[in-house]
Amino acid sequence: MKSLFLDLSKTEGFLASHEMQYLAEQAEAAARLLESKQGPGGEFLGWLDLPVDYNRLEFEAIREAAQQIRTQSEVLVVIGIGGSYLGAQAAITFLKHTFYNQLPADKRGGPEIYFAGINLSGTYLQHLIELIGERDFSINVVSKSGTTTEPAIAFRLLKSLLEKRYGKEGARKRIYATTDLEKGALKQLATQEGYPTFEVPDDVGGRYSVLSAVGLLPIAAAGIDIAKLMEGAAAAESELRKPFAENACYQYAAARNALHRKGRDIEMFIYYEPRFYHLAEWWKQLYGESEGKDGKGIFTASAGFTTDLHSLGQYIQDGKRHLFETLLELENPGGTLLVEPDPDNLDGLNYLSGKSLDYVNQKAAQGTVEAHVAGGVPNLRIVLPEASPYYLGYLFYFFEKACGVSGYMLGVNPFDQPGVEAYKKNMFRLLGK
């Protein structure tokens, strides 16, 4: 079976081969510290073992709950913010039809899936409630504490709607709580009301939680094979222990640190397939929240090409040379559309006749990489063989482990987030809490 491939050839001219060799020992030392769980934030490293050491009974309960949701509801609303929803949304948009929610029910095969508690916009939530309308719906509320402002408000309103529609007894069969095993407001409510409950592990931070019940329940509710997802992650867990020379994870961590030390302070996650959009959002939180502290860190950004070439392309090509790109590609995108000939050829496209749109897209990617590298932008290239649960599981784990290694190389604790509390204190003060 093919594996993820990391291409560093487009960093030549920006990084000398000996620079990567010099960092190999640092990367391996960071990995050893990570795997020993003795480094900063070691109490939050449960995600390292999740692919091989997860609760099988809960896993089966997740699959049963997902099937129940698929049977009883036309709509599933996942309530959570940050790591409580981004992984699930990334998986669903990557693996399902681009217009999954708009497909007819018989072609979709499961509920429409929407996300709430991701902002404080009353308009957004009102429009979501109007979209649900009179249809049957369920809720998966994801919060370790149950008191995070955005999801707590959304849950209060949507729970009320469920109880008005189905009564308390009916509502409790449609609310699935993913929360702390023993404590917190949501756990207390779930126990009191008898909601089906799944665990947010104590030793897994939100942005590393996609392979726990946090991500697995909504992913399974979309009809995705979560066993295959875990199988791919388990393969990564095993393979990404190899020495530096054979380990794409360590090489990626080293390359981004080497570029950062040369003044490349912005990493742009680039993709040519729209199905990567929410994966980029997940990646931005993973690396931005893990590394951005103590006055350090690489700023994480993303762009979808070719769309953003018409907005950001000029800056990337010819602006300040303080960024590098990490390009994520699919070896086999799976499209079948061909460019058809036109007798008049007014658009001048007959030279593409008989070629697939995927082929055109791939050549656009190659041409853009060549232009950006020539313009002074280093490129790291990650290639996935195909869009499948197995390879997505592998990719999730690849990025998570690379993030831990990279954070330790940078000299920060990649598993805390003290800075996120500052805005909350001011918001609570202004709201009169």
Side-chain angles (χ1 to χ4, degrees), residues 4 6 8 23 26-37 39-51 82-84 86-87 90-91 201 203-212 214-215 232-233 236-237 239-241 244 247-261 264-269 276 278-294 296-302 324-328 380 382 384 392-420:
L4 174 149
L6 175 67
L8 297 179
L23 288 176
Q26 290 185 36
E28 290 181 335
R32 288 193 297 271
L33 187 62
L34 188 72
E35 290 163 2
S36 72
K37 302 184 181 179
E43 67 272 26
F44 294 109
L45 288 174
W47 58 269
L48 269 173
D49 307 315
L50 270 180
S84 294
L86 279 170
D203 57 355
V204 178
R207 59 189 179 275
Y208 293 87
S209 67
V210 63
L211 297 174
S212 73
V214 171
E237 192 275 341
E239 291 175 15
L240 299 180
R241 293 174 175 269
F244 183 88
N247 196 315
C249 170
Y250 301 171
Q251 292 169 21
Y252 173 59
R256 60 195 305 278
N257 270 272
L259 289 167
H260 178 46
R261 294 175 191 188
R264 304 289 176 157
D265 296 332
I266 299 172
E267 180 176 10
M268 295 197 70
F269 184 104
F276 282 126
H278 287 110
L279 186 67
E281 297 300 301
W282 172 84
W283 173 89
K284 283 193 291 190
Q285 185 200 6
L286 178 66
Y287 281 82
E289 197 168 74
S290 294
E291 294 188 328
K293 55 199 68 167
D294 303 332
K296 303 175 184 178
I298 300 169
F299 183 81
T300 52
S302 63
F324 65 96
E325 294 175 314
T326 292
L327 171 63
L328 185 59
L380 315 178
I382 298 171
L384 274 189
L392 180 60
Y394 195 108
L395 186 68
F396 276 142
Y397 195 85
F398 169 88
F399 276 134
E400 288 176 349
K401 187 168 188 182
C403 187
V405 171
S406 181
Y408 280 166
M409 292 180 72
L410 188 64
V412 301
N413 177 353
F415 309 111
D416 65 358
Q417 52 279 341
V420 301

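None of the values given here were measured: they were computed from a predicted structure. If you read the sequence from its start, that first residue is 1, and numbering goes on from there.
- Rounding to the nearest 0.5 angstrom, the gap separating the CG atom in Leu34 from the CG atom in Leu48 is 4.5 Å.
- Ion pairing between Arg264 and Glu325 fails under the 4.0 Å rule for side-chain N and carboxylate O.
- Leu395 has its side chain within reach of Leu328: a pair of non-hydrogen atoms, C-beta onward, lies under 4.5 Å apart.
- When all heavy atoms are compared, the tightest approach of Pro40 to Asn413 is O-OD1, 3.4 Å.
- Ala254 and Phe244 get closest at one heavy-atom pair: CB-CE1, 3.8 Å.
- Remark: the backbone N or O of Thr326 is not paired with any side-chain donor or acceptor of Glu267 at under 3.5 angstrom.
- Distance check: Trp283 CH2 to His278 NE2 gives 16.0 Å after rounding to the nearest 0.5 Å.
- In this structure, the side chains of Arg261 and Leu23 come closer than 4.5 Å at one or more pairs of heavy atoms.
- In terms of heavy-atom proximity, Gly404 sits nearest to Tyr208 at N-OH, 4.4 Å.
- Atom OG of Ser302 and atom CZ of Phe276 lie 13.0 Å apart (nearest 0.5 Å).
- With hydrogens and angles ignored, the 3.5 Å screen pairs no side-chain donor or acceptor of Tyr408 with any backbone N or O of Pro414.
- Ring pair Trp47/Phe415 is tilted by interplanar angle, where 30° to 60° counts as tilted.
- Nearest heavy-atom pair, Phe396 versus Gly87, reported as atom, atom and distance to 0.1 Å: CZ-O, 3.8 Å.
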(request) Dump the intermediate steps for side chain to side chain contact (heavy atoms under 4.5 Å, CB included) on Leu410 and His260, then the final yes or no. (result) CA-CA 9 Å; Leu410 188 64; His260 178 46; 3.6 Å; yes
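- The backbone N or O of Val412 lies less than 3.5 Å from no partner atom in the side chain of Lys293, so there is not a single donor-acceptor pair.
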(request) Decide side chain to side chain contact (heavy atoms under 4.5 Å, CB included) for Arg207 and Trp282; before the verdict, give the C-alpha distance in whole Å, the side-chain angles of both, and the deciding distance to 0.1 Å. (result) CA-CA 8 Å; Arg207 59 189 179 275; Trp282 172 84; 5.9 Å; no
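- Across Val214 and Ser209, no two heavy atoms sit closer than the pair CG1-OG, 3.3 Å.
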(message) Working note: Leu384 + Leu4, criterion side chain to side chain contact (heavy atoms under 4.5 Å, CB included); need CA distance, chi angles, decisive distance, verdict.
(response) CA-CA 5 Å; Leu384 274 189; Leu4 174 149; 4.1 Å; yes
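- To the nearest 0.5 Å, atom CG of residue Leu279 and atom CG of residue Leu286 are 10.0 Å apart.
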(message) Between Asn247 and Leu240, is the side chain to side chain contact (heavy atoms under 4.5 Å, CB included) condition met? List the steps.
(response) CA-CA 6 Å; Asn247 196 315; Leu240 299 180; 3.7 Å; yes
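- Not a single donor-acceptor pair under 3.5 Å links the side chain of Tyr397 to the backbone N or O of Leu392.
- Closest of all the heavy-atom pairs between Ala255 and Leu380 is CB-CD2, 4.1 Å.
- Atom CG in Asp265 sits 8.0 Å away from atom CD1 in Ile298 (nearest 0.5 Å).
- Between Met409 and Glu291, every side-chain heavy-atom pair lies at or beyond the 4.5 Å cut-off.
- Note: Phe399 and Tyr287 have perpendicular aromatic rings, judged against thresholds of 30 and 60 degrees for the angle between ring planes.
- Scored by the side chain to side chain donor-acceptor pair (under 3.5 Å) test, Asp49 finds Lys37 as partners (sequence neighbours excluded).
- In this structure, Thr300 OG1 and Phe269 CZ are separated by 11.0 Å, a value rounded to the nearest 0.5 Å.
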